Amino acid sequence: MYHGRMWLKQNMKDKLREHERLDDLILDGMKIIQRDDQFCFSLDTILLAHFGSVPHGPALDLGTGTAAIPLILTARGARQITGVELNSVMADIARRNVVLNRKEDHITILEEDYCHIKTWAASGAYDAVYVNPPYREKSRGAYSHVDGIRRARHEETATLDEVLKAAAYALKFHGRFRMVHITERLTDILEAMRMHGIEPKCIQMIHGRPDKKAKLFLVEGIRGGNTGMEILPPCIVHNEDGSYSQTVLQLYGKI
C-alpha cells in the first residue's frame, strides 16, 4: 500500500500542469496540488479544519479551493464531506486532490455557486458547515491583479451576508457553523450570524505572537441555538523567537 501510494504521488507529480506544484499537507501523509496563480491554503485553513469537534454526519465546505479542509477533516475522522467551489480551475484541482489522496469515498467536490445553494442542496442537509471566506469588502484593502487570488480575498463573488445565508440554509437545526475571519469584522460577523438564525457560541482569537494583537479569529455558531457564548484561550502561532508554537506543531503533526 505504501509503495502504491508513493507511485501514485510520483505519477501525479509528473503530470502537474503549468503553474502547479505538489505540496505536503503533512497530515495522514497527504499531498496537495496548488497553483501559484490561484489562492493557496495557509495556516488559517489548518486552524479552521481543526476547530471544534469532528462532524460525524454530512459536512459542507463553502468555497473549498484546493479541498484542504475536507482532506484535513478526513484525517481527523470525518467521513462525509462535500466541498463546493465556483472557480472551475480550483474545482478541478480539488477533485484531483481527492483522487490523489484516495479520499473519493469520503469527499465529494461540486462545481457550483453557493450563493445559489437552493438549486443543488436540500435545506438542512448538513450537520456542519465550514467556510474560509473572502476577508475584505470590495472597496477595502489592496487588490491583486491575479483574478483567482483577488476573488478569494475580496467579496467579488460572495458577500458576508450571502455566506451566512447559504450556511443557514444548509445547516440542520442545531447544526454547527465554523468560520475563520479577520478581527476588524468581528462585530459585522456576529450581527450577520444572528440575523440568519445562527447563534454565536464560541470564539477563539489567533495571535501571531504572544505580544501581538489578534488579527484573525475562529467562530462557531449553532443554527437555532440558545444565547450564551464562551471565549476560548487564545491560539498563539509563533513563539517569541519566531518558531512555531506547540499548538501549531501539533496541528501539523510535528509532535
Side-chain angles (χ1 to χ4, degrees), residues 1-13 15 20 22-35 39-114 117 120-133 166-167 169-172 174-180 218 220 223 250-253:
M1 177 67 73
Y2 174 78
H3 291 297
R5 177 175 286 190
M6 290 297 293
W7 178 88
L8 178 64
K9 290 174 180 176
Q10 182 59 49
N11 191 47
M12 182 67 77
K13 189 172 183 179
K15 293 181 179 179
E20 291 183 350
L22 194 63
D23 293 337
D24 286 319
L25 194 54
I26 308 296
L27 292 169
D28 215 16
M30 292 188 288
K31 300 279 186 177
I32 194 162
I33 301 166
Q34 303 204 90
R35 283 180 63 120
F39 186 78
C40 296
F41 84 91
S42 55
L43 182 60
D44 53 357
T45 302
I46 303 290
L47 294 172
L48 176 59
H50 283 275
F51 186 51
S53 59
V54 178
H56 295 295
L60 178 65
D61 181 27
L62 299 176
T64 196
T66 58
I69 287 176
L71 288 169
I72 294 169
L73 286 173
T74 64
R76 295 187 63 206
R79 290 294 175 263
Q80 193 177 348
I81 312 116
T82 298
V84 59
E85 177 57 51
L86 176 62
N87 182 333
S88 59
V89 173
M90 296 305 292
D92 174 68
I93 288 177
R95 291 191 191 97
R96 291 161 61 205
N97 281 330
V98 171
V99 173
L100 171 63
N101 293 287
R102 297 183 175 179
K103 300 294 185 179
E104 302 98 313
D105 290 344
H106 304 307
I107 301 174
T108 301
I109 302 298
L110 302 178
E111 185 180 333
E112 297 285 357
D113 184 350
Y114 62 72
I117 191 171
W120 53 265
S123 176
Y126 296 94
D127 287 9
V129 172
Y130 291 78
V131 59
N132 183 357
Y169 174 84
L171 282 170
K172 71 175 187 180
H174 281 182
R176 296 179 182 273
F177 170 76
R178 291 164 181 161
M179 181 168 66
V180 60
L218 295 158
E220 179 180 78
R223 181 80 168 96
Q250 285 175 337
L251 297 183
Y252 277 110

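Starting from 1, each residue takes its place in the sequence as its number. Computation of the quantities below employed the complete heavy-atom set of this structure, encompassing side-chain atoms and omitting hydrogens, waters and symmetry-equivalent molecules. A quick note: this is a predicted structure, and the numbers were derived from the prediction, not measured.
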Check: Is there a side-chain contact (heavy atoms from CB on, under 4.5 Å) between Leu100 and Leu22 once you walk through the steps?
Finding: CA-CA 11 Å; Leu100 171 63; Leu22 194 63; 3.7 Å; yes

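The minimum heavy-atom distance between Ala121 and Tyr126, with the atom names listed, is CB-CE1, 4.4 Å. Contact between Lys172 and Gly124 at its shortest, heavy atoms only, is CB-O, 3.5 Å. Closest non-hydrogen pair, Arg176 versus Arg178, comes out as CD-NH2, 3.4 Å. Between Tyr130 and Phe51, the closest heavy-atom pair is OH-O, 4.2 Å. Residues Cys40 and Arg35 approach most closely at SG-O, 3.2 Å, considering heavy atoms. Summarising the geometry of Phe41 relative to Gln34, their closest heavy-atom pair is N-OE1, 2.9 Å, with the distance given to 0.1 Å.
Distance check, rounded to the nearest 0.5 Å: CE of Met179 to CG of Asn132 gives 9.5 Å. Taken from CD in Glu85 to CG in Leu110, the straight-line distance is 11.0 Å, to the nearest 0.5 Å. The CE atom of Met90 lies 10.5 Å from the CD1 atom of Ile109; values are rounded to the nearest 0.5 Å.
By the side-chain hydrogen bond (donor to acceptor under 3.5 Å, both in side chains) test, Arg95 is found to be paired with no residue, residues two or more places apart in sequence or in another chain being considered. Partners of Asp24 under the side chain to side chain contact (heavy atoms under 4.5 Å, CB included) rule, at least two apart in sequence or in another chain, are Ile26, Lys31. Listed by chain and number, the residues in a side chain to side chain contact (heavy atoms under 4.5 Å, CB included) with Leu43 are Ile46, Leu47, Val237, Val248, Tyr252 (sequence neighbours excluded). Residues meeting the side chain to side chain contact (heavy atoms under 4.5 Å, CB included) test with Arg223, sequence neighbours left out: Ala168, Leu171, Ile198.
Of the candidates Thr108, Asp28, Asn97, Asp28 is the only one forming a side chain to side chain donor-acceptor pair (under 3.5 Å) with Lys103.
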Show me the side-chain donor-acceptor pairs of residues 70-84 shorter than 3.5 Å, one per line, residues at least two apart or across chains.
unit_1: Thr74; atom_1: OG1; unit_2: Leu71; atom_2: O; d: 2.6
unit_1: Arg76; atom_1: NH1; unit_2: Ala49; atom_2: O; d: 3.0
unit_1: Arg76; atom_1: NH1; unit_2: Gly52; atom_2: O; d: 3.3
unit_1: Arg76; atom_1: NH2; unit_2: Gly52; atom_2: O; d: 2.8
unit_1: Arg79; atom_1: NH1; unit_2: Thr74; atom_2: O; d: 3.2

Which side-chain N or O atoms in residues 57-67 pair as donor and acceptor under 3.5 Å with protein atoms at least two apart or in another chain?
unit_1: Asp61; atom_1: OD2; unit_2: Thr64; atom_2: OG1; d: 2.7

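Counting heavy atoms from C-beta on, the side chains of Trp120 and Asp113 never come closer than 4.5 Å.
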